[in-house]
Protein chains: 2
Amino acid sequence: MNDNATPRWDDQLRANGYRVTPQRHLVFQAVAELHHGTPEEIYGHVHSQVEGVNLSTVYRTLEVLENVGLITHTHIEHGSPTYHEVQSQGHVHLVCRQCKAVNALAAEQVRPFVEALQQDPGFTVDLGHLAIHGMCAGCSETSGVAVAIRKDHTDE
Amino acid sequence: MNDNATPRWDDQLRANGYRVTPQRHLVFQAVAELHHGTPEEIYGHVHSQVEGVNLSTVYRTLEVLENVGLITHTHIEHGSPTYHEVQSQGHVHLVCRQCKAVNALAAEQVRPFVEALQQDPGFTVDLGHLAIHGMCAGCSETSGVAVAIRKDHTDE
DNA sequence: CTGACTGCAAAAGGTTTGCAAAAAG
DNA sequence: CTTTTTGCAAACCTTTTGCAGTCAG
(Lines give C-alpha, C1' and ligand atoms only; values in the text may rest on other atoms or scores of the structure.)
Protein backbone atom coordinates (compact mmCIF):
# COMPACT_ATOMS: atom_id res chain seq x y z
CA MET A 1 0.00 0.00 0.00
CA ASN A 2 2.99 2.26 0.29
CA ASP A 3 5.22 2.96 -2.69
CA ASN A 4 8.14 4.49 -0.88
CA ALA A 5 8.65 2.01 1.88
CA THR A 6 10.69 4.08 4.32
CA PRO A 7 11.77 7.43 3.03
CA ARG A 8 14.48 9.15 4.98
CA TRP A 9 12.99 11.39 7.59
CA ASP A 10 14.91 14.40 6.39
CA ASP A 11 13.94 13.84 2.80
CA GLN A 12 10.35 14.03 3.89
CA LEU A 13 11.05 17.52 5.13
CA ARG A 14 13.03 18.70 2.15
CA ALA A 15 10.51 17.24 -0.24
CA ASN A 16 7.97 19.56 1.25
CA GLY A 17 10.12 22.61 1.21
CA TYR A 18 11.08 22.55 4.85
CA ARG A 19 14.61 22.86 6.14
CA VAL A 20 16.41 20.22 8.07
CA THR A 21 17.65 21.43 11.40
CA PRO A 22 19.16 19.74 14.43
CA GLN A 23 16.12 20.74 16.49
CA ARG A 24 13.81 18.96 14.11
CA HIS A 25 16.01 15.94 14.18
CA LEU A 26 15.97 15.86 17.94
CA VAL A 27 12.24 16.25 18.18
CA PHE A 28 11.60 13.57 15.62
CA GLN A 29 13.97 11.22 17.39
CA ALA A 30 12.27 11.91 20.68
CA VAL A 31 8.88 11.08 19.25
CA ALA A 32 10.22 7.87 17.76
CA GLU A 33 11.95 6.81 20.95
CA LEU A 34 9.12 7.67 23.29
CA HIS A 35 6.72 5.82 21.02
CA HIS A 36 4.07 8.20 22.19
CA GLY A 37 4.31 11.35 24.19
CA THR A 38 2.80 14.71 24.85
CA PRO A 39 4.54 17.89 23.74
CA GLU A 40 5.86 18.30 27.25
CA GLU A 41 7.21 14.80 27.45
CA ILE A 42 8.83 15.21 24.10
CA TYR A 43 10.30 18.47 25.23
CA GLY A 44 11.62 16.77 28.33
CA HIS A 45 13.14 13.96 26.35
CA VAL A 46 14.88 16.34 24.00
CA HIS A 47 16.14 18.39 26.88
CA SER A 48 17.55 15.37 28.63
CA GLN A 49 19.96 14.98 25.77
CA VAL A 50 20.74 18.44 24.60
CA GLU A 51 19.80 21.76 26.01
CA GLY A 52 18.93 24.80 24.07
CA VAL A 53 15.78 23.65 22.41
CA ASN A 54 12.87 25.84 23.24
CA LEU A 55 9.41 24.58 24.11
CA SER A 56 7.80 26.70 21.46
CA THR A 57 10.18 25.19 18.95
CA VAL A 58 8.97 21.77 19.97
CA TYR A 59 5.40 22.80 19.33
CA ARG A 60 6.23 24.32 16.01
CA THR A 61 8.29 21.33 15.03
CA LEU A 62 5.59 18.86 15.93
CA GLU A 63 3.28 20.74 13.66
CA VAL A 64 5.76 20.62 10.83
CA LEU A 65 6.54 16.95 11.27
CA GLU A 66 2.86 16.22 11.24
CA ASN A 67 2.29 18.23 8.09
CA VAL A 68 5.02 16.30 6.38
CA GLY A 69 3.50 13.04 7.45
CA LEU A 70 6.23 11.83 9.73
CA ILE A 71 4.13 11.82 12.85
CA THR A 72 0.52 12.01 13.94
CA HIS A 73 -1.31 12.78 17.10
CA THR A 74 -4.20 11.37 19.02
CA HIS A 75 -6.14 12.59 22.01
CA ILE A 76 -5.59 10.19 24.80
CA GLU A 77 -6.06 12.35 27.83
CA HIS A 78 -7.70 15.59 28.70
CA GLY A 79 -5.02 18.17 28.38
CA SER A 80 -2.46 17.27 25.84
CA PRO A 81 -2.42 15.44 22.55
CA THR A 82 -0.15 12.46 22.16
CA TYR A 83 2.23 12.31 19.23
CA HIS A 84 3.68 9.20 17.69
CA GLU A 85 5.69 8.21 14.70
CA VAL A 86 3.68 7.37 11.65
CA GLN A 87 5.92 4.46 10.68
CA SER A 88 3.53 1.73 11.60
CA GLN A 89 0.79 2.99 9.34
CA GLY A 90 -2.11 1.10 10.68
CA HIS A 91 -1.88 0.72 14.37
CA VAL A 92 -4.52 1.66 16.82
CA HIS A 93 -4.18 2.77 20.41
CA LEU A 94 -5.89 0.85 23.14
CA VAL A 95 -5.99 3.05 26.21
CA CYS A 96 -6.81 1.47 29.54
CA ARG A 97 -8.75 3.80 31.78
CA GLN A 98 -7.50 1.94 34.82
CA CYS A 99 -3.76 1.57 34.44
CA LYS A 100 -3.44 4.17 31.69
CA ALA A 101 -1.45 1.74 29.63
CA VAL A 102 -1.45 2.36 25.92
CA ASN A 103 -1.10 -0.66 23.72
CA ALA A 104 -0.95 -0.94 19.99
CA LEU A 105 -3.32 -3.03 17.99
CA ALA A 106 -2.28 -4.33 14.61
CA ALA A 107 -4.05 -3.00 11.59
CA GLU A 108 -5.04 -6.54 10.75
CA GLN A 109 -7.46 -6.81 13.59
CA VAL A 110 -9.09 -3.55 12.72
CA ARG A 111 -9.42 -4.01 9.02
CA PRO A 112 -12.80 -5.72 8.91
CA PHE A 113 -14.26 -2.96 11.01
CA VAL A 114 -12.66 -0.23 8.96
CA GLU A 115 -13.90 -1.77 5.77
CA ALA A 116 -17.37 -2.09 7.15
CA LEU A 117 -17.44 1.63 7.86
CA GLN A 118 -16.12 2.31 4.41
CA GLN A 119 -19.12 0.48 3.06
CA ASP A 120 -21.99 1.59 5.11
CA PRO A 121 -21.72 5.20 6.12
CA GLY A 122 -18.96 5.63 3.56
CA PHE A 123 -16.63 6.82 6.25
CA THR A 124 -12.88 6.54 5.75
CA VAL A 125 -11.23 5.87 9.06
CA ASP A 126 -7.99 7.56 9.90
CA LEU A 127 -6.27 4.84 11.84
CA GLY A 128 -3.44 6.97 13.11
CA HIS A 129 -5.94 9.04 15.04
CA LEU A 130 -7.83 6.19 16.54
CA ALA A 131 -7.66 5.85 20.27
CA ILE A 132 -9.93 3.30 21.85
CA HIS A 133 -10.67 3.73 25.51
CA GLY A 134 -11.67 0.95 27.79
CA MET A 135 -10.15 -1.54 30.14
CA CYS A 136 -7.33 -3.92 29.40
CA ALA A 137 -7.36 -7.61 30.18
CA GLY A 138 -5.19 -7.24 33.23
CA CYS A 139 -7.28 -4.56 34.86
CA SER A 140 -10.52 -6.30 34.04
CA GLU A 141 -9.46 -9.24 36.14
CA THR A 142 -8.04 -7.20 38.96
CA SER A 143 -10.99 -4.92 39.41
CA GLY A 144 -13.47 -7.69 38.85
CA VAL A 145 -16.55 -5.65 38.12
CA ALA A 146 -16.97 -4.26 34.67
CA VAL A 147 -19.52 -1.91 33.28
CA ALA A 148 -20.52 -0.46 36.61
CA ILE A 149 -20.53 3.25 37.11
CA ARG A 150 -17.68 4.33 39.28
CA LYS A 151 -18.01 7.48 41.24
CA ASP A 152 -14.56 7.44 42.70
CA HIS A 153 -11.54 8.21 40.63
CA THR A 154 -12.85 10.50 37.98
CA ASP A 155 -10.20 11.83 35.70
CA GLU A 156 -9.22 9.80 32.66
CA MET B 1 -39.89 10.96 23.20
CA ASN B 2 -39.87 11.70 26.85
CA ASP B 3 -43.34 11.93 28.29
CA ASN B 4 -41.67 11.99 31.60
CA ALA B 5 -40.05 15.35 31.79
CA THR B 6 -37.41 14.28 34.24
CA PRO B 7 -36.77 10.58 33.96
CA ARG B 8 -34.54 10.21 36.95
CA TRP B 9 -31.72 12.57 36.39
CA ASP B 10 -32.05 14.11 39.80
CA ASP B 11 -32.35 10.77 41.49
CA GLN B 12 -29.04 9.88 40.02
CA LEU B 13 -27.57 12.80 41.85
CA ARG B 14 -29.27 12.19 45.15
CA ALA B 15 -28.47 8.53 45.02
CA ASN B 16 -24.83 9.48 45.03
CA GLY B 17 -25.08 11.97 47.79
CA TYR B 18 -25.11 15.04 45.62
CA ARG B 19 -27.56 17.85 45.93
CA VAL B 20 -29.98 18.86 43.24
CA THR B 21 -29.64 22.47 42.21
CA PRO B 22 -31.06 24.57 39.40
CA GLN B 23 -27.56 25.03 38.03
CA ARG B 24 -27.09 21.32 37.70
CA HIS B 25 -30.43 21.00 36.04
CA LEU B 26 -29.55 23.67 33.54
CA VAL B 27 -26.19 22.18 32.72
CA PHE B 28 -27.61 18.73 32.29
CA GLN B 29 -30.34 20.05 30.05
CA ALA B 30 -27.82 21.93 27.98
CA VAL B 31 -25.74 18.82 27.45
CA ALA B 32 -28.81 16.87 26.44
CA GLU B 33 -30.03 19.52 24.07
CA LEU B 34 -26.73 20.26 22.46
CA HIS B 35 -26.19 16.56 21.94
CA HIS B 36 -22.49 17.20 22.24
CA GLY B 37 -20.64 20.26 23.28
CA THR B 38 -17.52 21.59 24.90
CA PRO B 39 -17.65 23.19 28.34
CA GLU B 40 -17.71 26.57 26.71
CA GLU B 41 -20.54 25.72 24.39
CA ILE B 42 -22.50 24.30 27.26
CA TYR B 43 -21.81 27.40 29.25
CA GLY B 44 -23.03 29.48 26.34
CA HIS B 45 -26.19 27.45 25.99
CA VAL B 46 -26.99 27.73 29.66
CA HIS B 47 -26.34 31.43 29.59
CA SER B 48 -28.64 31.95 26.65
CA GLN B 49 -31.50 30.87 28.84
CA VAL B 50 -30.70 32.09 32.27
CA GLU B 51 -27.91 34.25 33.52
CA GLY B 52 -26.12 33.84 36.71
CA VAL B 53 -24.43 30.53 36.17
CA ASN B 54 -20.72 30.77 36.43
CA LEU B 55 -18.27 29.11 34.10
CA SER B 56 -16.47 27.40 36.92
CA THR B 57 -19.78 26.04 38.09
CA VAL B 58 -20.27 24.53 34.68
CA TYR B 59 -16.93 22.79 34.92
CA ARG B 60 -17.63 21.52 38.40
CA THR B 61 -21.07 20.40 37.40
CA LEU B 62 -19.89 18.54 34.35
CA GLU B 63 -17.53 16.66 36.60
CA VAL B 64 -20.31 15.79 38.99
CA LEU B 65 -22.71 14.72 36.26
CA GLU B 66 -20.03 12.53 34.82
CA ASN B 67 -19.29 10.94 38.17
CA VAL B 68 -22.93 10.11 38.58
CA GLY B 69 -23.07 8.56 35.17
CA LEU B 70 -25.41 10.99 33.52
CA ILE B 71 -22.94 12.20 30.95
CA THR B 72 -19.59 11.28 29.43
CA HIS B 73 -16.94 13.03 27.46
CA THR B 74 -14.80 12.31 24.45
CA HIS B 75 -11.87 14.09 22.92
CA ILE B 76 -12.84 15.27 19.53
CA GLU B 77 -10.62 18.25 19.04
CA HIS B 78 -7.44 19.62 20.41
CA GLY B 79 -8.46 21.95 23.12
CA SER B 80 -11.63 20.95 24.82
CA PRO B 81 -13.35 17.72 25.60
CA THR B 82 -16.84 17.12 24.29
CA TYR B 83 -19.60 16.10 26.66
CA HIS B 84 -22.73 14.23 25.80
CA GLU B 85 -25.61 12.59 27.55
CA VAL B 86 -25.05 8.98 28.44
CA GLN B 87 -28.53 7.86 27.42
CA SER B 88 -27.40 6.57 24.08
CA GLN B 89 -24.61 4.56 25.61
CA GLY B 90 -23.81 2.59 22.57
CA HIS B 91 -23.15 5.18 20.00
CA VAL B 92 -19.84 6.04 18.50
CA HIS B 93 -18.68 9.37 17.16
CA LEU B 94 -17.51 9.64 13.61
CA VAL B 95 -15.56 12.86 13.26
CA CYS B 96 -14.81 14.16 9.80
CA ARG B 97 -11.48 15.91 9.63
CA GLN B 98 -12.65 17.90 6.66
CA CYS B 99 -16.01 19.31 7.55
CA LYS B 100 -15.71 18.65 11.28
CA ALA B 101 -19.10 17.02 11.26
CA VAL B 102 -19.76 14.60 14.06
CA ASN B 103 -22.09 11.75 13.28
CA ALA B 104 -23.30 8.97 15.45
CA LEU B 105 -22.86 5.34 14.58
CA ALA B 106 -25.20 2.79 16.04
CA ALA B 107 -23.81 0.32 18.48
CA GLU B 108 -24.97 -2.43 16.18
CA GLN B 109 -22.37 -1.71 13.58
CA VAL B 110 -19.63 -1.64 16.11
CA ARG B 111 -20.51 -4.73 18.03
CA PRO B 112 -18.60 -7.30 15.98
CA PHE B 113 -15.49 -5.22 16.33
CA VAL B 114 -15.98 -4.67 20.02
CA GLU B 115 -16.51 -8.34 20.59
CA ALA B 116 -13.43 -9.18 18.61
CA LEU B 117 -11.36 -7.00 20.88
CA GLN B 118 -12.96 -8.57 23.88
CA GLN B 119 -11.73 -11.90 22.62
CA ASP B 120 -8.29 -11.29 21.40
CA PRO B 121 -6.48 -8.74 23.49
CA GLY B 122 -9.17 -9.10 26.13
CA PHE B 123 -9.85 -5.41 25.92
CA THR B 124 -13.23 -4.05 27.00
CA VAL B 125 -14.13 -1.09 24.83
CA ASP B 126 -15.76 1.92 26.37
CA LEU B 127 -18.07 2.94 23.58
CA GLY B 128 -19.06 6.25 25.06
CA HIS B 129 -15.50 7.41 24.72
CA LEU B 130 -14.96 6.26 21.22
CA ALA B 131 -14.31 8.94 18.65
CA ILE B 132 -13.29 7.79 15.23
CA HIS B 133 -11.53 10.32 13.05
CA GLY B 134 -11.47 10.21 9.32
CA MET B 135 -13.36 11.55 6.37
CA CYS B 136 -17.06 11.32 5.76
CA ALA B 137 -18.64 10.18 2.53
CA GLY B 138 -19.49 13.68 1.42
CA CYS B 139 -16.00 15.07 1.87
CA SER B 140 -14.37 12.05 0.30
CA GLU B 141 -16.13 12.80 -2.95
CA THR B 142 -15.60 16.51 -2.88
CA SER B 143 -11.92 16.49 -2.18
CA GLY B 144 -11.30 13.63 -4.54
CA VAL B 145 -8.29 11.57 -3.55
CA ALA B 146 -7.21 11.63 -0.01
CA VAL B 147 -4.10 9.91 1.21
CA ALA B 148 -1.82 12.63 -0.12
CA ILE B 149 0.27 14.55 2.28
CA ARG B 150 -1.05 18.02 2.75
CA LYS B 151 1.35 20.70 3.71
CA ASP B 152 -1.07 23.53 3.81
CA HIS B 153 -2.45 24.19 7.21
CA THR B 154 -4.78 21.34 8.06
CA ASP B 155 -5.28 21.89 11.72
CA GLU B 156 -6.34 19.12 14.04
C1' DC C 1 23.08 36.04 0.50
C1' DT C 2 18.14 35.22 1.57
C1' DG C 3 14.46 33.50 3.62
C1' DA C 4 13.16 29.98 6.87
C1' DC C 5 13.91 28.70 11.75
C1' DT C 6 14.89 29.44 16.58
C1' DG C 7 14.74 31.64 21.26
C1' DC C 8 12.69 34.57 24.20
C1' DA C 9 9.15 36.67 26.38
C1' DA C 10 4.68 38.03 26.50
C1' DA C 11 -0.14 36.90 25.20
C1' DA C 12 -3.93 33.92 24.92
C1' DG C 13 -6.91 30.19 25.88
C1' DG C 14 -8.94 26.88 28.84
C1' DT C 15 -9.38 24.79 33.47
C1' DT C 16 -8.78 24.83 38.40
C1' DT C 17 -8.87 26.62 43.13
C1' DG C 18 -9.55 29.35 47.65
C1' DC C 19 -13.00 31.62 50.11
C1' DA C 20 -17.03 33.73 51.85
C1' DA C 21 -21.88 33.99 50.93
C1' DA C 22 -26.13 31.42 49.57
C1' DA C 23 -28.86 27.39 49.22
C1' DA C 24 -30.27 22.44 49.73
C1' DG C 25 -31.75 18.80 52.71
C1' DC D 1 -28.71 23.98 61.39
C1' DT D 2 -25.12 21.65 58.89
C1' DT D 3 -22.94 20.73 54.75
C1' DT D 4 -22.76 21.24 49.99
C1' DT D 5 -22.64 24.39 46.23
C1' DT D 6 -22.03 28.68 43.97
C1' DG D 7 -19.78 33.11 42.35
C1' DC D 8 -15.94 35.60 41.84
C1' DA D 9 -11.35 36.41 41.01
C1' DA D 10 -6.92 35.04 40.90
C1' DA D 11 -3.82 31.29 39.92
C1' DC D 12 -2.31 27.76 36.63
C1' DC D 13 -1.05 25.30 32.53
C1' DT D 14 -0.63 24.53 28.01
C1' DT D 15 -0.22 26.40 23.48
C1' DT D 16 0.42 30.38 20.41
C1' DT D 17 2.54 34.54 18.60
C1' DG D 18 5.62 38.73 17.45
C1' DC D 19 10.24 39.87 16.76
C1' DA D 20 14.97 40.06 15.99
C1' DG D 21 18.94 37.41 15.56
C1' DT D 22 20.77 32.98 13.47
C1' DC D 23 21.41 29.37 10.37
C1' DA D 24 20.39 26.11 6.39
C1' DG D 25 20.53 25.94 1.52
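Below, read A as the first sequence line, B as the second, and so on, with proteins coming before strands; counting in each chain starts at 1. Here the structure is a predicted model, which means the values were calculated and not measured.
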Between [X] and [N], is there a side-chain N or O to OP1/OP2 distance below 4.0 Å?
{"X": "B/Gln23", "N": "D/dG7", "answer": "yes"}
{"X": "A/Thr21", "N": "C/dC5", "answer": "no"}
{"X": "A/Asn54", "N": "C/dC8", "answer": "yes"}

Rounded off to whole Å, could you give me the [atom1]-to-[atom2] distance for the [X] and [N] pair?
{"X": "B/Leu13", "N": "D/dT6", "atom1": "CG", "atom2": "P", "result": "10 Å"}
{"X": "A/Tyr43", "N": "D/dT16", "atom1": "OH", "atom2": "P", "result": "16 Å"}
{"X": "B/Leu55", "N": "D/dA10", "atom1": "CG", "atom2": "C1'", "result": "15 Å"}
{"X": "A/Leu65", "N": "C/dA4", "atom1": "CG", "atom2": "P", "result": "18 Å"}
{"X": "B/Arg24", "N": "C/dA23", "atom1": "CZ", "atom2": "C1'", "result": "11 Å"}
{"X": "A/Leu26", "N": "C/dC5", "atom1": "CG", "atom2": "P", "result": "16 Å"}
{"X": "A/Glu63", "N": "D/dT14", "atom1": "CD", "atom2": "C1'", "result": "15 Å"}
{"X": "B/Tyr18", "N": "D/dT3", "atom1": "OH", "atom2": "P", "result": "18 Å"}

Is there a side-chain contact between A/Gln29 and A/Glu33, using heavy atoms and a 4.5 Å cut-off?
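Yes, close enough: below the 4.5 Å cut-off.
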Under 4.5 Å between any side-chain heavy atoms of B/Gln49 and B/Leu26, yes or no?
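Contact flag for B/Gln49/B/Leu26 side chains = yes.
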Which nucleotide, C/dA24, C/dC5, D/dT16, lies nearest any side-chain atom of B/Pro22?
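Minimum distance to the B/Pro22 side chain belongs to C/dA24.
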Nucleotide nearest A/Glu40 when distance is taken to its side chain, options D/dT14, C/dG7, D/dG7:
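Taking heavy atoms from C-beta onward, the closest nucleotide is D/dT14.
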Ring centroid separation for B/His84 and B/His93, is it under 6.0 angstrom?
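Aromatic pair counts; centres sit under 6.0 Å.
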Within the structure shown, what part of the strands sits under 4.0 Å from A/Arg60 by heavy-atom distance: base, sugar-phosphate, or nothing?
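Base contact.
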CE on B/Met135 to CG on B/Leu94, rounded to 0.5 Å:
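The distance works out to 13.5 Å.
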Which residue lies toward the 5' end of DNA chain C, B/Pro39 or A/Val64, if each is placed at its nearest nucleotide?
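Checking each residue's closest nucleotide, the 5'-ward one belongs to A/Val64.
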Please tell me which of A/Arg14 and B/Val20 maps to the more 5' nucleotide of DNA chain D, matching each residue to the nucleotide holding its nearest heavy atom.
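Between the two, 5'-proximity favours B/Val20.
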When the nearest nucleotide of DNA chain D is assigned to B/Thr61 and to B/Arg19 on a heavy-atom basis, which residue is associated with the more 5' position?
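Nearest nucleotide further toward 5': that of B/Arg19.
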Hey, are B/Arg111 and B/Glu108 close enough for a salt bridge, meaning a charged N less than 4.0 Å from a carboxylate O?
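B/Glu108 and B/Arg111: salt-bridged.
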